[in-house]
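Working notes for the structure below.
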Amino acid sequence: MGRDTIADIITSIRNADMDRKRVVRITSTNITENIVKILLREGFIENVRKHRENNKYFLVSTLRHRRNRRRRHRRNRRRPYRNLLNLKRISRPGLRIYSNYQRIPRILGGMGIVILSTSRGIMTDREARQEGIGGEILCYIW
C-alpha cells in the first residue's frame with residue numbers, strides 16, 4: 001500500500017476481479033468509504049461491511065461477477081475471462097485533472113461513471129451535472 005489510497009483501492013479491486021475473487025479487503029479512509037459507497041449504489045459491488053483488526057479498520061466488499069455460459073461441446077475448454085469492472089485512475093498526485101460540470105466526460109455514452117471529488121463531497125458525474133458543479137476527476141468505471 002502506497003500513499004495514493006485511491007490508486008490502491010482501484011488496483012486491489014481490479015486484481016481481485018481478474019483473479020475471480022469475490023471478496024476484497026480495502027483500508028478504510030473517508031475517501032475509500034465514499035468511493036465504495038458509490039460503487040455499491042451503482043451496482044458494481046454487492047455488499048460492504050466494515051471490519052476492525054488490530055485497531056485498524058478495513059472495508060470488506062463483495063464483488064459482482066459475470067457468470068460464463070458454457071455450451072455442451074465446449075465443456076472442457078476454458079473461455080477467456082471478461083472483466084466486469086474496468087477502472088482507470090485519472091487524476092493522480094503528480095498530475096491533477098479538474099473539470100467544470102459542462103466538460104465532465106461521458107464514459108461509453110453514459111453507461112460508465114466518472115467519480116469526482118467536488119466541493120460538496122465525492123460524487124458521480126450525473127450528480128455533479130445535476131448540481132451544476134465540477135471538480136477533480138478521480139477515476140472512470142465502466
Side-chain angles (χ1 to χ4, degrees), residues 1-72 74-75 77-142:
M1 299 293 254
R3 295 177 191 264
D4 189 8
T5 58
I6 298 169
D8 289 341
I9 68 164
I10 288 173
T11 303
S12 60
I13 291 172
R14 187 185 307 122
N15 289 342
D17 188 42
M18 287 192 313
D19 289 343
R20 298 181 190 183
K21 293 185 178 178
R22 290 196 46 93
V23 178
V24 180
R25 200 173 106 172
I26 301 165
T27 306
S28 179
T29 62
N30 287 337
I31 295 171
T32 57
E33 283 183 25
N34 289 329
I35 290 174
V36 168
K37 282 179 189 175
I38 288 174
L39 291 175
L40 182 66
R41 191 173 60 227
E42 295 290 328
F44 292 106
I45 291 177
E46 285 183 11
N47 65 4
V48 177
R49 63 184 166 87
K50 203 168 188 177
H51 178 69
R52 184 177 176 184
E53 186 176 301
N54 297 333
N55 293 331
K56 290 187 179 181
Y57 287 97
F58 295 97
L59 297 174
V60 179
S61 59
T62 305
L63 298 179
R64 180 166 288 166
H65 285 290
R66 274 189 195 139
R67 291 189 176 95
N68 288 335
R69 294 184 206 154
R70 293 185 180 166
R71 296 183 182 142
R72 290 181 184 245
R74 292 187 182 183
R75 188 173 292 163
R77 293 184 191 164
R78 275 197 77 86
R79 293 176 57 193
Y81 180 68
R82 291 179 30 187
N83 291 348
L84 175 65
L85 285 173
N86 291 305
L87 300 109
K88 185 175 181 184
R89 175 82 156 116
I90 302 302
S91 185
R92 49 193 172 87
L95 179 64
R96 303 288 186 185
I97 307 293
Y98 296 96
S99 175
N100 63 9
Y101 78 97
Q102 296 155 337
R103 295 185 185 258
I104 297 172
R106 294 184 191 272
I107 307 301
L108 293 177
M111 296 295 289
I113 62 171
V114 178
I115 297 181
L116 294 112
S117 175
T118 67
S119 59
R120 296 186 192 155
I122 295 177
M123 60 179 66
T124 64
D125 56 338
R126 284 182 230 117
E127 295 167 346
R129 280 191 203 97
Q130 192 174 23
E131 302 246 349
I133 56 174
E136 180 184 355
I137 300 175
L138 298 178
C139 60
Y140 298 158
I141 302 169
W142 69 97

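Relative to the ring axis of Tyr57, Lys50 places its NZ or CZ within 45° and under 6.0 Å from the centre. For the pair Arg25 and Phe58, the cation-pi test (distance below 6.0 Å, angle within 45°) is passed.
Contact check for Ile35 versus Ile31: side-chain heavy atoms found under the 4.5 Å cut-off. Counting only heavy atoms from C-beta outward, the side chains of Arg120 and Ile133 approach each other to under 4.5 Å. Side-chain atoms of Thr124 and Ile38, non-hydrogen and from C-beta on, do get closer than 4.5 Å to each other. Within the 4.5 Å cutoff, side-chain heavy atoms of Val24 are placed close to those of Leu63. Put simply, the side chain of Ile141 does not reach to within 4.5 Å of the side chain of Asn86, judged on heavy atoms. Side-chain contact check for Met111 versus Arg106: every heavy-atom pair is 4.5 Å or farther apart. The shortest side-chain heavy-atom distance between Arg92 and Leu95 falls under the 4.5 Å cut-off. At a threshold of 4.5 Å between non-hydrogen side-chain atoms, the residues Ser117 and Asn34 do not count as touching.
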Legend entry - Candidate pair Ile90 and Tyr140, rule side-chain contact (heavy atoms from CB on, under 4.5 Å), full reasoning: CA-CA 7 Å; Ile90 302 302; Tyr140 298 158; 3.4 Å; yes
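Look at Arg89 and Asp4 and you find a salt bridge, because one of the NZ, NE, NH1 or NH2 atoms lies within 4.0 Å of a carboxylate O, short of that distance.
Put simply, CD1 on Ile137 and OG on Ser99 are 4.5 Å apart, with the number rounded to the nearest 0.5 Å. Note: Ser61 OG to Leu39 CG = 8.0 Å, rounded to the nearest 0.5 Å. Within the model, atoms CD of Glu127 and CG of Leu116 stand 9.5 Å from one another, a figure rounded to the nearest 0.5 Å. Between atom CD1 of residue Ile97 and atom SG of residue Cys139 there is a gap of 13.5 Å, rounded to the nearest 0.5 Å. Arg14 contributes atom CZ, which lies 7.5 Å from atom CE of Met18 (distance to the nearest 0.5 angstrom). If you take CG on Leu138 and CD1 on Ile6, they are separated by 4.5 Å, rounding to the nearest 0.5 Å.
Within 6.0 Å of CD on Glu42 lie more than 12 heavy atoms contributed by other residues, nucleotides or ligands. Within 6.0 Å of atom CG in Asn47, more than 12 heavy atoms from other residues, nucleotides or ligands are found, so the atom counts as buried in its surroundings.
Nearest heavy atoms, Ser12 versus Ile26: OG-CG1, 4.1 Å. When all heavy atoms of Thr32 and Thr27 are compared, the pair lying nearest together is OG1-O, 3.1 Å.
A donor atom on one side chain and an acceptor atom on the other are found under 3.5 Å apart for Ser91 and Glu136. With hydrogens and angles left out, the side-chain atoms of Glu33 and Ser28 include a donor and acceptor closer than 3.5 Å.
Counting only distance, with no hydrogens or angles, the side chain of Arg64 and the backbone of Gly43 share a donor-acceptor pair below 3.5 Å. For Arg129 (side chain) and Gly134 (main-chain N/O), no donor-acceptor pair under 3.5 Å exists by modelled atom type. Not a single donor-acceptor pair under 3.5 Å links the side chain of Thr11 to the backbone N or O of Asp8. Side chain of Thr62 to backbone of Ile45: no donor-acceptor contact under 3.5 angstrom is found.
Tested against Met123, the residues Val114, Ile115, Ile113, Thr118 include a single side chain to side chain contact (heavy atoms under 4.5 Å, CB included) partner, Thr118.
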